[in-house]
Amino acid sequence: MLTVRLPDGSSRAYDEPVSIAEIARSIGPGLAKAALAGRVDGELVDISHVVEADAAVAIVTDREADGLEVLRHSCAHIMAQAVQRLFPEAQVTIGPVIDDGFYYDFAYSRPFTPEDLAAIEQAMAEIVKEDLSVERQLLERDDAVQLFRDMGEHYKVEIIESIPSDEPLSFYRQGEFIDLCRGPHVPNTGKFKAFKLTSVAGAYWRGDSKREMLQRIYGTAWPNSKELRLHLRRLEEAEKRDHRKIGKQLRLFHFQEEAPGMVFWHPKGWTIYQVIQSYMKQAQDANGYLEINTPQLVDFSLWEKSGHAAKFSEEMFTVESDNRHYAIKPMNCPCHVQVFNQGLKSYRDLPMRLAEFGSCHRYEPSGSMHGLMRVRNFVQDDGHVFCTEEQIQSEVAHFMDFLFAVYRDFGFDEVLLRLSTRPEKRVGADELWDRAEDALRQALDATGREWELVPGEGAFYGPKIEYSLRDCMGRLQQCGTIQVDFFTAERLGAQYVAEDNSRRTPVMLHRAALGSFERFIGVLLEHYGGELPTWLAPVQAVVMNITDNQAKDCKKIEQTLKNKGFRGISDLRNEKIGLKIREHEMQKTPWLLVVGDREARSGTVSVRKRGGNDLGVMTIEECCERISADVARYGRGAPVALAGGKPNESEALTR
RNA sequence: GCUCGCAUAGCUCAGGAGGUAGAGCACUUCAUUGGUAAUGAAGAGGUCUCCGGUUCGACUCCGGAUGUGAGCACCA
């Protein structure tokens, strides 16, 4: 006799051990059919799993995230089976689930082509139609190695051999295909209604760039074709919002061969850049930062002293001149220490918060560059806090308050926090790390927000917190960071005089809120699809005439806008109003002001807000007040078109 | 850096047995002075990314370089 408790709080009693499938069947035939897996006391299992004692049991279907994962994982197996039917020499390796889909890596003599993908998809449909049952079995390690060796699956053999010998090895078989896998999997291959192979690319075996390159095929799977369609639509939407595309369309910046990975900012793009920078200047100033500026070119010896040369000399641009060896700075911190080092500092000077919009160059690997998101020349909203160990926690808390306020103004409410703790290779005593990690942990807890622990991912000189923004496409964009550094200040001889008159080395906190301006602007452009909130829009308002008669009136209004501090222009071209409206809508200008004879006579403007919202005729004063209110809102609560097609909340737009 | 693509007018893209090219938009000129997402007409615009090779002849085929895209690796 055993009792299972179901998620709705009810219980069911069974006379003898029962499988998940049987439990589902006893609840209802619909659920039995939909069951993909089960959850027993929180652990995900196959539906063939037999429950032998009292437990909390849930039937997992594709209506929940876990079920979808099982579905996708099984879909990866179907793909592998299809590949081996078509290409018997292809060896299977690993095939995990990723966001929205899955991939599987194969070793094969040549790369797969798009035509191959189509054929593989066909073969997958065939396997689905065959409705093969998927069976789990356990094998002894030696038998498993023998089995896969006989099949010529050398990568699988390597995987099996790398699994600790005390762990049971489970395998899943469907038809002629068998794969080492932890599971769970769907009970049969007939469960798939909507899947698609999306792309193919190389990937290193075991993620190691020194090892051979495999062929990775990406795919996606969904409970039904409608959701698959929606997903593909989201991908299209993301492509439309690609900041490289928007940058071209809105004439914000360009790249060219002669300066790979470095941005040519055009007037409108540079306006956005400047607006953000002056916002940050003001925000940092209000938060006790002292802005400084340090050299671009610094003798290589400083980078040797700071320890960067040893680790990153390959990634630094260098210059020979005057019989001297310089590096173009890849980061600002050593220079900030030089500023700190001028004049004897007292504990009373701490915390000292130095900030710099410092232009840095890094020789990034060619394959890693990506529009504005990863460039070789960028400017960080960089800052270094020199403080005592006791001040770490309050300084981190201070920074986070600042950071969240900044993000809110840019229209990001959801921030993911991650704490990276000591890596294996590190400097500094363990007790120092204990205290620093504790300080970060406490600062994180004090925010009342959720955060994630990433063990072992800290920098060699100290633990760090990273802040990722959730953009409107649901993607995470890592922007901010704060890192504790026990190392650099000491290496570069920074000291302060403590209360007891002893000389001590300050702790350094490296921090940035936006990260790099380049990347952050890329994130903004994609988040807003180019429709920047008015405070960031390079052109906030365009005044346009209907005929030449109103040219003077337009000029006057343009001047009024400028006097009030708005970025306004007038468009007096001899073109029809429809064309001007169209062009400025396409340039995503938030405020369009039309002046015809009627408005000119009454000293008014006809106002249209971006997106085709006609606000009617109003006085110029009222119009300015509205723009003013719009600017003052920053990006807070700015309506953002969500992927999947939620309509804009135009009410908020027009207010 | 690695694997596989791609590179044609300012932009988006066609094209061709290997015989030096075309569209739409943008641009220029002319006409048009108009009411909220494209007024009409005409014109100009190209070493087909660069360097080699094959060939009577290469934008087209082959090799390399550079840039770029997807993914991997990297990211102080």
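In what follows, chains are A, B, ... by sequence order, proteins preceding strands, each numbered from 1. What's counted below: heavy atoms across the whole structure, side chains too, no hydrogens, waters or symmetry copies. Everything numeric here is computed off the predicted structure, so don't read it as measured data.
When heavy atoms are screened at a 4.0 angstrom cut-off, Lys210(A) is found touching no nucleic acid atom at all.
Classification of the His73(A)-His77(A) ring pair by plane angle, with boundaries at 30° and 60°, yields perpendicular. Using cut-offs of 30° and 60° on the angle between ring planes, the pair Phe386(A) and Phe340(A) is parallel.
A side-chain donor from one of His254(A) and Gln256(A) sits under 3.5 Å from a side-chain acceptor of the other.
Near RNA chain B, defined here as any heavy-atom distance below 4.0 Å, there are no residues from residues 486-494 of chain A.
You'll find that the side chain of Met213(A) is closest to rC72(B), out of rG35(B), rC72(B), rA73(B). Set against rA70(B), rG1(B), rG35(B), the side chain of Tyr204(A) has rG1(B) as its closest nucleotide. Checking rC75(B), rA76(B), rU3(B) against every side-chain atom of Phe312(A), the shortest atom distance belongs to rA76(B).
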Quiz prompt | Dot-bracket line, read 5' to 3' along RNA chain B, where crossing pairs take [ ] and | marks a partner on another strand, Watson-Crick or G-U under 3.5 Å | solution = (((((((..((((.....[..)))).(((((.......))))).....(((((..]....))))))))))))....
Please tabulate, one pair per line, each protein N/O and nucleotide N/O from nucleotides 59-67 of chain B that are separated by under 3.5 Å, including the distance.
| from | atom 1 | to | atom 2 | distance (Å) |
| --- | --- | --- | --- | --- |
| rU66(B) | O2' | Glu257(A) | OE1 | 2.9 |

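rG1(B) and rC59(B) have their C1' atoms separated by 31 Å, given to the nearest Å. For rC11(B) and rG71(B), the P atoms lie 24 Å apart once the distance is rounded to whole Å. Taking atom P on both nucleotides, rG18(B) is separated from rA65(B) by 26 Å, rounded to a whole Å.
Within 3.5 Å, a donor on the side chain of Arg374(A) pairs with an acceptor on the base of rC75(B), or the reverse.
Proximity of Arg608(A) to the phosphate of rA37(B): a side-chain N or O atom is located under 4.0 Å from OP1 or OP2. The side chain of Arg244(A) contributes an N or O atom lying less than 4.0 Å from OP1 or OP2 of rG69(B).
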